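Below is one structure, written out as structure tokens, with a few remarks after it.
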Amino acid sequence: MKLLLRTYFPLLLLLLFQFCISPDDVNKTIDDEEEEEEEEEEVVLEDPTDLPFTVNWSINKEGDEIGGSFSPFLHVGETNLYLYSPYSGKGIVSMNKNSQETNWTINKASIGVPYVMKTIGDHLWAMTYDINNPTVIKVDPSDGNVLFEKPSGTFPSGQVDGNWFGLRKRETSLYQVSLETGNDEIACEELVVDNIRNFLFKGEQLVLMVVRGGRNLLSINPNTCNENWEVLNYDEPNFGHLIYSSFAVDLGSSILSVSPNNFILRSPTTGVAEWKYPEGFNNNTLDLTHMLHLESKKSLIYHDNQSGKVVAFNWPSQSKTWESEIQNRDVGQLFLVKERLFLYTKNNFLYEINVENGQTISEREIKELYPFDTSIIPFAINRLEDYFGERYFRIYGDEIYYTTEQSLLVSARLD
């Protein structure tokens with residue numbers, strides 16, 4: 001009898017369990033488990049309903065990142081993004097643009113927060129804090145291998161005939177830097193200045209805003225050290241009195257020299273002022289907060305904080321094309337995406353403006369956006385956007401990146 005119980009008792013229990021549990025219950029249990037798995041895999045995207053963008057993906061903030069006041073640093077490359085978040089503790093992170101998957105991280109005590117980053121050829125260059133003694137690094141972007149670190153090194157800002165030149169932090173000399181080793185040497189030792197504020201690389205010339213007895217605009221060939229021309233501080237007919245925040249960019253047939261209250265077109269061969277707006281030496285009635293160059297229309301588009309309007313100028317004809325209907329003096333960013341013009345204001349409005357006539361295409365109130373960190377000016381100006389800063393929207397072709405209270409980074413495209 002005991003033998004029979006030991007043999008058949010487990011079988012009786014199994015039959016009893018099957019009798020009590022219906023097939024529907026079994027199916028429901030399986031369905032619930034599948035739903036839980038699906039819920040775990042679901043990624044919650046930023047709500048795109050109040051922006052004219054289609055969100056590809058977003059990275060949610062965690063812990064102290066939510067509502068944090070420190071700004072992330074973002075560099076957008078051709079296929080990858082390079083992100084530094086002050087809260088994550090991950091250091092510099094490379095991620096795939098399409099999948100947002102992490103490629104690699106650089107998290108070394110000797111490499112601090114990046115404040116300049118640039119892709120040169122097949123490598124990534126960065127300048128990282130300490131602000132008074134920064135480290136220049138060169139990285140293989142395929143695997144994150146740091147090829148070298150150069151404390152107090154020279155950041156390569158631009159090239160003339162294949163040779164790269166740049167500055168060291170807190171030094172006034174111009175340096176030539178080897179992209180292979182990072183080694184540098186003083187270029188043009190006879191170039192004695194108190195400060196170098198800005199670079200413009202154009203053909204065989206390097207245009208600098210220098211301080212030597214005044215703030216002058218100087219053009220030299222850094223390979224031969226020959227000076228081409230210099231607009232002196234006291235040269236009133238050529239508007240030589242530059243202020244500390246003046247800078248210059250290349251428009252092709254002209255050099256655009258910009259300060260907060262005027263802009264000047266100059267000859268690249270002589271430095272002579274061809275046209276200034278507003279006209280006159282003391283007629284400085286602008287308060288430029290943002291400026292763009294729409295190359296296809298040869299149009300300079302800027303926001304003037306005195307009038308609150310966005311204005312477009314055709315620079316070859318030196319004529320105003322339009323003024324916007326919008327008036328707003330609390331501007332966060334003026335930006336172009338594939339020749340569509342947008343104005344973002346700090347009171348959380350986004351306007352789209354017609355680039356043909358300045359009329360308002362759309363106006364919408366949006367959620368609060370958080371700013372990015374921006375590059376240090378003297379090492380990084382190549383475009384107007386580099387100076388005025390892509391604080392709220394980083395644009396790369398038709399790609400748009402921004403950050404919010406809940407999301408560390410959002411990737412989007414225009415609708």
Side-chain angles (χ1 to χ4, degrees), residues 157-158 160 196-210 215-220 228-233 235-281 283-306 309-323 333-336 339 341 355 374-375 377-390 395:
S157 292
V160 175
I196 298 175
R197 177 63 179 166
N198 173 236
F199 293 101
L200 167 60
F201 293 89
K202 183 175 176 61
E204 294 183 350
Q205 65 176 319
L206 171 59
V207 180
L208 307 167
M209 195 194 91
V210 298
R215 296 188 180 102
N216 306 336
L217 202 62
L218 172 67
S219 170
I220 66 169
N228 302 313
W229 50 261
E230 184 172 10
V231 178
L232 300 175
N233 181 74
D235 186 351
E236 291 193 12
N238 287 306
F239 310 106
H241 184 66
L242 305 173
I243 65 172
Y244 185 70
S245 55
S246 299
F247 69 100
V249 294
D250 184 13
L251 295 181
S253 60
S254 294
I255 288 174
L256 175 67
S257 179
V258 183
S259 68
N261 49 29
N262 63 69
F263 55 91
I264 303 165
L265 294 179
R266 298 185 183 277
S267 164
T269 56
T270 65
V272 169
E274 300 170 337
W275 178 65
K276 172 182 177 288
Y277 186 82
E279 295 178 352
F281 188 77
N283 185 16
N284 297 322
T285 57
L286 288 181
D287 184 4
L288 294 175
T289 62
H290 291 268
M291 195 177 210
L292 306 168
H293 182 210
L294 181 54
E295 294 185 29
S296 65
K297 298 186 180 299
K298 294 188 180 297
S299 181
L300 298 172
I301 304 174
Y302 64 84
H303 175 261
D304 173 21
N305 214 40
Q306 288 205 13
K309 291 187 175 184
V310 178
V311 181
F313 260 93
N314 179 269
W315 62 264
S317 66
Q318 302 172 10
S319 59
K320 184 183 294 187
T321 309
W322 50 258
E323 288 187 350
Q333 188 177 337
L334 182 69
F335 63 102
L336 285 161
E339 301 202 354
L341 179 63
V355 295
T374 55
S375 294
I377 293 169
F379 299 94
I381 293 180
N382 296 296
R383 311 168 302 152
L384 289 166
E385 291 90 336
D386 296 330
Y387 176 82
F388 289 105
E390 294 182 307
I395 311 300

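Just so you know, these numbers use all the heavy atoms, side chains as well, and skip hydrogens, waters and symmetry mates. Everything numeric in this text was worked out from a predicted model, so none of it was measured.
- In this structure, Trp322 contributes its side chain and Val355 its backbone to a donor-acceptor pair below 3.5 Å.
- Expressed to the nearest 0.5 Å, how far CZ of Phe388 lies from NE2 of His303 amounts to 11.5 Å.
- Lys202 contributes a side-chain N or O that, together with a main-chain N or O of Gly252, makes up a donor-acceptor pair within less than 3.5 Å.
- Proximity of Ile220 to Leu218: side-chain heavy atoms (C-beta onward) are separated by under 4.5 Å at one or more points.
- Judged by distance alone, the side chains of Ser254 and Glu274 do bring a donor and an acceptor atom under 3.5 Å apart.
- Between the side chain of Asn261 and the main chain of Leu286, no donor-acceptor pair closer than 3.5 Å is present.
- Remark: Glu390 engages Arg383 in a salt bridge, criterion side-chain N to carboxylate O under 4.0 Å.
- Side-chain contact check for Leu251 versus Leu265: some heavy-atom pair is nearer than 4.5 Å.
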Phe263 vs Trp315, test: side-chain contact (heavy atoms from CB on, under 4.5 Å). Steps then yes/no. CA-CA 11 Å; Phe263 55 91; Trp315 62 264; over 6 Å; no
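- Between the side chain of Trp229 and the backbone N or O of Pro268, at least one donor-acceptor pair lies under 3.5 Å.
- Of all heavy-atom pairs spanning Asp287 and Asp304, the tightest one is N-OD1, 3.0 Å.
- Below 30°, between 30° and 60°, or above 60°: for Tyr302 and Phe313 the angle between ring planes is below 30°, a parallel geometry.
- Atom CG of Leu384 and atom NE2 of His290 lie 12.0 Å apart (nearest 0.5 Å).
- Taking both residues in full, the closest heavy atoms of Ile255 and Ala248 are given as CG2-CB, 3.9 Å, listed atom of the first, atom of the second, then distance.
- The salt bridge (Lys or Arg N to Asp or Glu O under 4.0 Å) search around Glu323 returns Lys309, Lys320, not counting sequence neighbours.
- In this structure, NZ on Lys298 lies 11.0 Å from OG on Ser317, to the nearest 0.5 angstrom.
- Taken to the nearest 0.5 Å, the CG atom of Asn216 stands 5.0 Å off from the CG atom of Leu232.
- Between Asn238 atom CG and Ile264 atom CD1 the span is 9.0 Å, to the nearest 0.5 Å.
- Using a 4.5 Å heavy-atom cutoff, the side chains of Ser257 and Phe239 are not in contact.
- Judged by distance alone, with hydrogens and angles left aside, the side-chain atoms of Arg266 form no donor-acceptor pair with the main-chain N or O of Val272 at under 3.5 Å.
- Just one of Leu336, Asn314, Leu300, Leu341 meets the side-chain contact (heavy atoms from CB on, under 4.5 Å) condition when paired with Leu294; it is Leu336.
- A donor-acceptor pair is defined here as one N or O able to donate and one able to accept, closer than 3.5 Å; such a pair exists between the side chain of Lys276 and the backbone of Pro278.
- Scanning both residues, Asp250 and Leu200, for their nearest heavy atoms gives N-CD1, 3.5 Å.
- In this structure, Pro237 and Ala273 approach most closely via the heavy-atom pair O-CB, 4.4 Å.
- Residue Asn228 holds its CG atom at 5.5 Å from CD of Gln205, rounded to the nearest 0.5 Å.
- Side chains of Ser296 and Glu339 form a contact here, defined as non-hydrogen atoms less than 4.5 Å apart.
- Residues Ile301 and Ala312 come closest through the heavy atom pair CG1-CB, 4.2 Å.
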Let me see the working for Val310 and Leu334 under side-chain contact (heavy atoms from CB on, under 4.5 Å), right down to the final yes or no. CA-CA 9 Å; Val310 178; Leu334 182 69; 4.2 Å; yes
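- Considering every non-hydrogen atom in both Asn233 and Arg215, the closest pair reads OD1-N, 3.6 Å.
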